[in-house]
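Step one of this worksheet: look at the structure below.
The structure presented is a predicted model; accordingly, all values stated were derived computationally and were not measured. In what follows, chains are A, B, ... by sequence order, proteins preceding strands, each numbered from 1.
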There are 2 protein chains.
Amino acid sequence: MSLPHAILTALLEKPSSGLELTRRFDKSIGYFWSATHQQIYRELGRLEEAGQIRALPSPVPVRGQRKEYEVLPAGREFLREWVGAAEDPKPLRSALLLRMRAAAVVGSAGLRAELERHLALHRAQLDEYRAIEERDFPAERRTGEPDRLRHLVLRGGIDLERFWVEWLTAALTELGPPEE
Amino acid sequence: MSLPHAILTALLEKPSSGLELTRRFDKSIGYFWSATHQQIYRELGRLEEAGQIRALPSPVPVRGQRKEYEVLPAGREFLREWVGAAEDPKPLRSALLLRMRAAAVVGSAGLRAELERHLALHRAQLDEYRAIEERDFPAERRTGEPDRLRHLVLRGGIDLERFWVEWLTAALTELGPPEE
DNA sequence: GCCGCTTGTGCAACTAGTTGCAGAAAGATC
DNA sequence: GATCTTTCTGCAACTAGTTGCACAAGCGGC
């Protein structure tokens with residue numbers, strides 16, 4: 001399970017409060033490890049309990065008030081170990097591929113519209129990734145190891161979206177004209 | 001959630017007992033919607049309860065004895081509706097991409113070996129898919145709609161594995177020589 | 001005829017992730 | 001200065017998925 005590692009990574013990149021983390025998950029880390037604010041708050045509690053992060057000293061420790069967290073040495077070490085650990089890839093789960101297989105059995109009525117909708121979503125995501133690439137990784141900035149690695153991650157996201165766009169396009173062609 | 005749909009699809013393709021389903025998940029449907037035997041037994045119970053499948057009449061309804069299930073009309077209808085339903089793609093979750101991002105922060109020690117291990121696994125999966133394609137979808141068999149759709153699904157699997165093989169190869173190059 | 005192995009089904013207890021809601025604090029509106 | 005809205009944190013209850021184990025039936029050997 002990788003949520004604690006995702007949070008530690010985000011906190012090392014920049015100490016944050018729970019809500020800040022949630023927002024950053026929505027537009028960065030969350031692109032390949034999504035989490036709701038609920039998961040994040042709960043995990044922050046566990047990580048603090050385990051001595052891997054701590055809340056920055058603040059005047060009043062009251063509910064409804066932002067709490068900034070930073071990573072402790074134990075947390076950094078925990079993350080460092082995980083980077084080199086053996087962990088098998090989780091088997092793929094795609095409801096869309098499954099649906100197409102179901103369509104082979106009960107007919108493909110209505111599937112075309114869904115494929116078009118997904119195609120639009122993946123195109124949008126692809127555009128977003130490309131915008132990020134232009135903004136954060138112009139050719140001249142791809143030098144230090146950290147940046148090279150982060151750029152690789154983004155390239156992974158881009159190529160995955162490209163895969164979906166291509167597959168969906170092929171599927172739509174194969175499915176034939178609308179209202180066949 | 002798609003497990004019931006996966007099971008209905010599998011049962012429509014061929015009525016089976018719980019264990020048979022488990023085996024078929026391990027080498028077919030499960031490639032894009034995996035499930036353990038536990039999940040399958042539990043879901044079979046629910047589907048039977050809901051009147052979407054039924055156990056074929058058997059002499060003795062005892063524990064430890066195989067039970068064949070077949071899909072009832074209500075189950076088929078349920079699946080048919082799902083094929084055309086709107087359902088957003090679930091956000092990507094890749095522990096490996098996440099790990100690379102963590103590596104950008106705490107260093108990439110040990111990561112290279114993991115990338116190589118994953119590369120081998122994805123290559124093996126790719127080979128398996130290709131063998132299935134040759135066996136089940138020779139060029140002359142890709143005619144009826146059901147077969148065309150099933151082949152599309154398999155092509156999706158193949159291209160996804162190809163994506164990983166290419167990305168991992170690029171990542172290893174980018175990471176530089178071993179023991180940098 | 002019993003002993004151990006495999007096949008098949010399933011319960012129980014766990015971890016991970018989701019959804020709905022609530023309450024405190026602080027700024028915005030009148 | 002009363003109320004309204006937004007921000008931020010969090011509890012509670014749920015669904016999905018995993019892991020470990022148990023128990024029955026059949027089969028094979030001896």
Which nucleotide wins on minimum distance to the side chain of [X], given the candidates [options]?
{"X": "H37(A)", "options": "dC21(C), dG10(C), dT18(C)", "result": "dC21(C)"}
{"X": "R93(A)", "options": "dG10(D), dG17(C), dG17(D)", "result": "dG17(D)"}
{"X": "Y41(B)", "options": "dG17(C), dT18(C), dG10(C)", "result": "dG10(C)"}
{"X": "L19(A)", "options": "dG17(C), dA12(D), dT7(D)", "result": "dT7(D)"}
{"X": "Q39(A)", "options": "dA12(D), dG17(C), dA16(C)", "result": "dG17(C)"}

Rounded to the Å, how far apart are [X] [atom1] and [N] [atom2]?
{"X": "I40(B)", "N": "dC11(C)", "atom1": "CD1", "atom2": "P", "answer": "15 Å"}
{"X": "L47(A)", "N": "dG10(D)", "atom1": "CG", "atom2": "P", "answer": "13 Å"}
{"X": "Y69(B)", "N": "dG8(C)", "atom1": "OH", "atom2": "C1'", "answer": "12 Å"}
{"X": "D26(B)", "N": "dT18(D)", "atom1": "CG", "atom2": "P", "answer": "12 Å"}
{"X": "L44(A)", "N": "dT9(D)", "atom1": "CG", "atom2": "C1'", "answer": "11 Å"}
{"X": "E68(B)", "N": "dT9(C)", "atom1": "CD", "atom2": "P", "answer": "9 Å"}
{"X": "E43(B)", "N": "dT18(D)", "atom1": "CD", "atom2": "C1'", "answer": "15 Å"}
{"X": "K90(B)", "N": "dT15(D)", "atom1": "NZ", "atom2": "P", "answer": "17 Å"}

Check this one for me: any side-chain N or O of R23(B) less than 4.0 Å away from OP1 or OP2 of dG8(C)?
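So the side chain of R23(B) is within the cut-off, an N or O lying under 4.0 Å from OP1 or OP2 of dG8(C).
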Charged N to carboxylate O under 4.0 angstrom, R112(B) versus E116(B)?
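Here R112(B) pairs with E116(B) in a salt bridge, since their nearest N and O are under 4.0 Å apart.
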Output yes when R150(A) and E13(A) qualify as a salt bridge under the 4.0 Å nitrogen-oxygen rule, no when they do not.
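Yes, this pair counts.
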Ring-face cation contact, W82(B) with R99(A), 6.0 Å cut, 45° max:
yes
Could you check whether the rings of W164(B) and W167(B) sit parallel, tilted or perpendicular, using 30° and 60° as the cut-offs?
perpendicular
Is any N or O donor-acceptor pair between the side chain of R42(B) and the base of dT18(D) shorter than 3.5 Å?
yes
Can you find an N or O donor on one side and an acceptor on the other, under 3.5 Å apart, linking the side chain of Q38(A) with the base of dG10(D)?
yes
Should E68(B) and S16(B) be marked as a side-chain hydrogen bond (donor to acceptor under 3.5 Å, both in side chains) after you check the CA-CA gap, both sets of side-chain angles, and the distance that decides it?
CA-CA 5 Å; E68(B) 288 256 308; S16(B) 307; 5.6 Å; no
Using a 4.0 Å heavy-atom cut-off, does S17(B) contact any base of the nucleic acid, only the sugar-phosphate backbone, or nothing at all?
sugar-phosphate
